[in-house]
Amino acid sequence: MNKDDLTNTPCHEHTELENGEQSMDIQMVNSAAFWKKTSIEPDLLHKNSCDDVLISSPKYALPSILTSAQYHQIIRDTGSEIGKMFVLSPEGGCYIFKYLKNISAVSSERVGIPHQVALRFGVDTQTPQFQETLSALADDIPPFSFTMKNSADHYYFYRKDHEHVPGTMLIEVARQAVYFSTYQTGYERGTVSVSLSALSGDFLTYVELMYPVEITLNLIEEKKEPRFDYRSYRCSFFQRGKRVADIVTETPIIPMNLFQIIRDIPLTPSARFKPLESKKIEVAVTTEKVGTEIIRVSLISLDEIATVGKCSAPADMTSELSLITPGLKKLDIGPAIASDHGHMTVWRPAGTETFPRNIIKEFIKNYCVATGD
């Protein structure tokens, strides 16, 4: 086999700071719990359903640049013949993957060597012993490897016949890899929110539907800013040993208290919203004499909720209201008094000017659109 051409052989299948800001020190993932995974929980990728998870089998990837100590440690601990893959750099002191130009657009950048490429040199980087050794090297953020879950039956990305992987699917794969990696290297889901502020892509060729796709994720840069942290990642896609696409992302990592301030939407009490057509939004009305009724919501604002359908609650009596999400979660919004408007019932807060602002705002952001009035 000519190893100069890696493209022609089929592959194998917080602590508190001043002003309430938080420090976010990196703590490496526990390798024993990490590389043994085959599936990834949807919530870690900001998804609700397993159908939306497009990556699996997360692993450490062998870095393309190794210090002399790392190079010899891998040989000693794994018995792998990685010498056939690396050469000593001209300056000395580190070892560089011989065919770096085949797997990276930037020769000076440390990237992960795809498993499918390493196998061509007889090196299996995904054995337990090799993964344990790579985890012991992790004094910084290591490269990661994932398998893309590419199903032609996917309900969203394959609404029409494709003989290639849609580009929008590759972008979503890169986002998921970035989120997973960030939450696995020191940032806890729920204490921070990961976002994408910019991305750029190089789609070098069509990504075929019928061959497996491997993704490597590589940290390019990390910056600590006063308000939150930034990371730049390069997500590279490989098929049959060939690099077929690169997506570079700018990723702010925002403490949740700051994220909530950023995402606060200024609403006036007069702003009216209606539920999305695809969402069934209801409210539970509990009255002492009547019990609990479930009624359909037609309009919602900070200071009133309109419902349609029969309601038995007396107009002069206070009822307890709870919004019901499409996922059947109940959100208590307190006491309200009804007024009959013929075709609908309007509920207004009892004893306060508005319903709980945070609850109503989050509900509107998730399930409603402006009426346009």
Stepwise side-chain contact (heavy atoms from CB on, under 4.5 Å) test for Thr216 and Val111: CA-CA 8 Å; Thr216 61; Val111 298; 5.6 Å; no
If you apply the rule side-chain contact (heavy atoms from CB on, under 4.5 Å), what do you find for Asp229 with Val192, and how did you get there? CA-CA 10 Å; Asp229 297 346; Val192 298; over 6 Å; no
Passes side-chain contact (heavy atoms from CB on, under 4.5 Å), Thr125 versus Val123? Steps please. CA-CA 6 Å; Thr125 60; Val123 177; 4.0 Å; yes
Candidate pair His115 and Asp124, rule side-chain contact (heavy atoms from CB on, under 4.5 Å), full reasoning: CA-CA 7 Å; His115 179 241; Asp124 187 350; 2.8 Å; yes
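In the hydrophobic cluster analysis, where Ile, Leu, Val, Met, Phe, Trp and Tyr join through side-chain heavy atoms closer than 4.5 angstrom, Ile359 is grouped apart from Phe259. Leu196 is connected to Val194 through a chain of hydrophobic side-chain contacts under 4.5 Å among Ile, Leu, Val, Met, Phe, Trp and Tyr, so both are in one cluster. By the criterion of side-chain heavy atoms lying less than 4.5 angstrom apart, applied directly or through intervening Ile, Leu, Val, Met, Phe, Trp or Tyr residues, Tyr183 is grouped together with Val53 in one hydrophobic cluster. With hydrophobic clusters built from ILVMFWY side chains whose heavy atoms lie under 4.5 angstrom apart, Ile103 shares a cluster with Phe203. By the rule that hydrophobic residues join a cluster once side-chain heavy atoms approach within less than 4.5 Å of another member, Ile295 and Val308 end up as members of separate clusters.
Between Phe355 and Phe363, the gap from one ring centroid to the other reaches at least 6.0 Å. Under the 6.0 Å cut-off for aromatic ring centres, Tyr71 and Tyr95 qualify, their centroids lying closer than that.
Of the possible polar contacts, none joining the Glu172 side chain to the Leu54 backbone as a donor-acceptor pair under 3.5 Å is found. Here the side chain of Arg240 pairs no donor or acceptor atom with the backbone of Tyr211 at under 3.5 angstrom. Lys361 contributes no side-chain N or O that, together with a main-chain N or O of Asp264, makes up a donor-acceptor pair within less than 3.5 Å. Proximity of a side-chain donor or acceptor of Ser195 to a complementary backbone N or O of Pro252 within less than 3.5 Å is not detected. With hydrogens and angles disregarded, no donor-acceptor distance shorter than 3.5 Å links the side chain of Asp202 to the backbone of Asp246. Distance alone, capped at 3.5 Å, places no donor-acceptor pair between the Ser181 side chain and the Ala177 backbone. Arg175 places a side-chain N or O within donor-acceptor distance of the main-chain N or O of Leu45, the cut-off being under 3.5 Å. In this structure a side-chain-to-backbone donor-acceptor pair under 3.5 Å is missing from Gln239 to Val213. Using a distance-only test at 3.5 Å, with no hydrogens or angles considered, a donor-acceptor pair links the side chain of Glu214 to the main chain of Gln116. Of the possible polar contacts, none joining the Gln73 side chain to the Thr133 backbone as a donor-acceptor pair under 3.5 Å is found.
Residues Thr325 and Asn366 have side chains not in contact (no heavy-atom distance under 4.5 Å, counting atoms from C-beta outward). Here the side chains of Met85 and Val117 are not in contact, with every heavy-atom distance at 4.5 Å or above. Within the 4.5 Å cutoff, the side chain of Ile113 has heavy atoms near those of the Phe86 side chain. The shortest distance between side-chain heavy atoms of Phe237 and Val165 does not fall below 4.5 Å. Residues Tyr367 and Ile300 form no side-chain contact, since every pair of their non-hydrogen atoms from C-beta on lies 4.5 Å or further apart. Between Thr182 and Tyr233 there is a side-chain heavy-atom pair separated by less than 4.5 Å.
At least one cation-pi condition fails for Lys84 and Phe121: the charged atom is not both under 6.0 angstrom from the six-membered ring centre and inside a 45 degree cone around its axis.
More than 12 heavy-atom neighbours from other residues, nucleotides or ligands sit within 6.0 angstrom of NZ on Lys365. Under a cut-off of 6.0 angstrom, the local environment of OH in Tyr206 is sparse, with at most 12 non-hydrogen atoms contributed by other residues, nucleotides or ligands. Taking a 6.0 Å sphere around CD of Glu225, one finds it holds more than 12 heavy atoms contributed by other residues, nucleotides or ligands.
Between Phe144 and Tyr60, the ring planes are parallel. Angles under 30° get that label, and only those over 60° would be called perpendicular. The aromatic rings of Tyr99 and Phe97 sit perpendicular to each other, their planes meeting at more than 60°, with 30° as the lower class boundary.
Closest approach of Arg110 to Pro143, counting heavy atoms only: NH2-CD, 3.6 Å. Pairing each heavy atom of Val248 with each of Arg234, the nearest pair is CG2-NH1, 3.5 Å. Across Leu88 and Cys94, no two heavy atoms sit closer than the pair CD1-O, 3.4 Å. Heavy-atom minimum distance, Pro42 versus Cys50: CG-N, 3.7 Å. Closest approach of Leu217 and Cys235 over heavy atoms only: CD1-CB, 3.8 Å. Taking each heavy atom of Glu320 and Gly334 in turn, the nearest pair found is OE1-C, 3.4 Å.
A donor-acceptor contact closer than 3.5 angstrom is absent between the side chains of Ser39 and Ser56. Arg272 and Ser301 share a side-chain donor-acceptor pair at under 3.5 Å.
Of the residues listed (Ile171, Ile220, Leu199), the one engaging Thr249 in a side-chain contact (heavy atoms from CB on, under 4.5 Å) is Leu199, and it is the only one.
Evaluation of the side-chain hydrogen bond (donor to acceptor under 3.5 Å, both in side chains) test over residues 349-358, restricted to residues two or more places apart or in two chains, returns none.
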